[in-house]
Enquirer: 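What follows is a structure written as structure tokens; I'll ask about it next.
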Amino acid sequence: MTELLYPVPAQAKQNSHLTPELYEEMYQESINDPDTFWQKQSSILNWAHQPTKIKNTSYDKNNVDIRWFEDGELNVSYNCIDRHLKTQAQQTAIIWEGDDPSKDKHISYQELHDQVCQLANGLKKLGVSKGDRVAIYMPMVAEAAYAMLACARIGAVHSIIFAGFSPNAIADRINNCEAKVLITADEGRRGGKTVPLKSNVDQALTGNRCKTIERTIVLRNTGSDINWHSQDVCWQELIQDCTSICEPEIMQAEDPLFILYTSGSTGVPKGVVHTSGGYLVYAAMTHKYVFDYQPNEIYWCAADVGWITGHSYMVYGPLANGATTLLFEGIPNYPDINRVAQIVDKHQVNILYTAPTVIRSLMAHGTKPIQDTERTSLRQLGSVGEPINPEAWHWYYEVMGNKNCTIVDTWWQTETGGIMMTPLPSVTELKPGAASKPFFGIQPALLNQDGEELSDEAEGNLVIKASWPGQARTIYADHSRFIDTYFSAYENVYFTGDGCRRDQDDYYWITGRVDDVLNVSGHRLGTAEIESCLVAHPAIAEAAVVGFPHDIKGQGIYVFVTPIDGQVTNSELTKQINTWVRQEISPIATPDLIQWTQALPKTRSGKIMRRILRKIAANEHEQLGDISTLAEPSSVQTLIAGRLNKA
Ligand code: PRX
């Protein structure tokens, strides 16, 4: 593993918010006196009532209780819009770049205000009020951001469902959070194709499956023919007679802002709950310092609004800071492989934040992804979602960034709300592939299996020792699952589920998940979720899903399945299984490899030995370790002989 150090470039030091000395001073204060530190930092927002109680948190597993700024009062949409109107009303808040390169839009802060208020009034008209949940299933259009901010304006709690999810996944999420209203569009556009959003919604709601949904707001986006039902209301018609004045609802800092579902190692996806005050302070702070955002810069986070990165760094963080944020409807290689670089030039993007999987898929085409582009506007690059391998880092640095930009490799999670470890542009010397150093207030530690803290150079399970404002407060309607998942493996710390190494310079390197969670193209998927979908197929008796190294996706999905007695397996059935998973969960969960087998390796007590399956899937069957505890050790040889990854 390369540990080459890149010094902080001179350009990164100009006008920056931080120097190495200031970072050190602020970091020490954030750890030694969090109350004073975060009280000062809370002024990054405008509060209706300034908080005086700052930190009140307990990681005691009998009473996990996390509160920040608890007597503070604010409105998130006011902070993301209204407070900028005095000086920035005509500044572009959102640049929308269409899937079709000839389509784009600039939305000013004033326009954003008017659109958000109109929709907020429309939601009120439909009976939505403070505390109600609103599900959002939208393509990457500016209206997705309007919908989020309109909910925030009236104190409704939004729950975005990634537009790649299928009807069952939509229904599960709506039912879990008991959403009252669903906001969607007729269709989305991606890579020259259309995505049938309303039709998916119709299937999700069919047969009164989601009883809590009273109304569905449908944006006419592509204008295609769709079925209209009695509960559907057209977005454009709904807001037609709504005014663009809507007083923001004053919320308590700890009132929930949104629920976002994410996969864990067990069970159905969890509804991670983020609150108003702490989340926004943290999203705004990290956006400002990690990207060293300067006024008037064009900032592009190429994430989907359906994931936490889209929430924190496409919408809430940048808008809270009065930034211009770019929202891209399409995909990185459409219509041409140099689309990303073209967008950078077209909109003179200064900061680009994307995922290693995108970088790797571009890198495979050498310098074609930058053909006929200059990218001289770029100052800062960011990476998120999975470990970035040094080759991809170097391509990003040298080819995309013209060797002029620093790279912030940001490690964080849906549950952390914002960036936890990262280099800082004007502070940190870069090591390709390292998440590097903790952000303000973050105290990482590495533990061994017995929960003992490891010092100096070490590798272990990554935990965080004390709370930070952006931390999730609970899992919706299931606080005990919150405690079990994050606070019971080890005492009095937050367990991240990630493995990590600390090197001789105290740099942190994320090594990947230590639980049964996969990271496929930066998408987080639970193996248990895919397995339960597989065993629901009539041809399958048992299923085990593991990850294996994949050049572009980071991890691929390797499925081992046993057929129902007597079932003849063939390639047609394998194809059917693929389609089944796509339909039941999402195309992002499509298996890469499906191996049929008569038996799975199990212990005598009947537990599937995934360790062995992982090795076979990775084509590392020479290092299986001890298999003497298996009920039938001979089954392993059959599995090895039939393995599908021989690379
Ligand atoms: O394993 C880590 C990986 O992504 C997981 C979190 O996934 P999710 O909640 O979907 O959030 C993704 C966007 C923040 C983590 O537990 N991960 C995220 N960023 C990095 C990373 N692994 C290595 N390096 C990163 N920069």
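Both counts, for ligands and for their atoms, begin at 1 and track the order of listing.
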Enquirer: Counting only heavy atoms from other residues, nucleotides and ligands, does the tally under 6.0 Å from CD of Q623 exceed 12?
Expert: yes
Enquirer: Return yes if a side-chain donor-acceptor contact under 3.5 Å exists between E415 and Y486, otherwise no.
Expert: yes
Enquirer: Do we see a donor-acceptor contact under 3.5 Å between the side chains of S159 and R133?
Expert: no
Enquirer: Between T590 and R582, is any side-chain donor less than 3.5 angstrom from a side-chain acceptor?
Expert: yes
Enquirer: Below 4.0 angstrom, N of the basic side chain to O of the carboxylate: do R614 and D516 qualify?
Expert: yes
Enquirer: Could you list each nitrogen or oxygen of ligand 1 that sits under 3.5 Å from a protein nitrogen or oxygen, with the atom names and the distance?
Expert:
from	atom 1	to	atom 2	distance (Å)
ligand 1	1 (O)	D498	OD1	2.6
ligand 1	1 (O)	D498	OD2	3.3
ligand 1	4 (O)	G385	O	3.2
ligand 1	4 (O)	N519	ND2	3.4
ligand 1	9 (O)	T414	N	2.8
ligand 1	9 (O)	T414	OG1	2.6
ligand 1	9 (O)	R524	NH1	2.6
ligand 1	16 (O)	Q413	NE2	2.9
ligand 1	16 (O)	D498	OD1	3.3
ligand 1	16 (O)	D498	OD2	2.6
ligand 1	16 (O)	R513	NH1	2.8
ligand 1	17 (N)	G385	O	3.3
ligand 1	19 (N)	G385	N	3.1
ligand 1	22 (N)	P387	N	3.4
ligand 1	24 (N)	E386	O	3.3
ligand 1	26 (N)	D409	OD1	2.8
ligand 1	26 (N)	T410	O	2.7

Enquirer: In this structure, are over 12 heavy atoms from other groups packed under 6.0 Å from D551 atom CG?
Expert: no
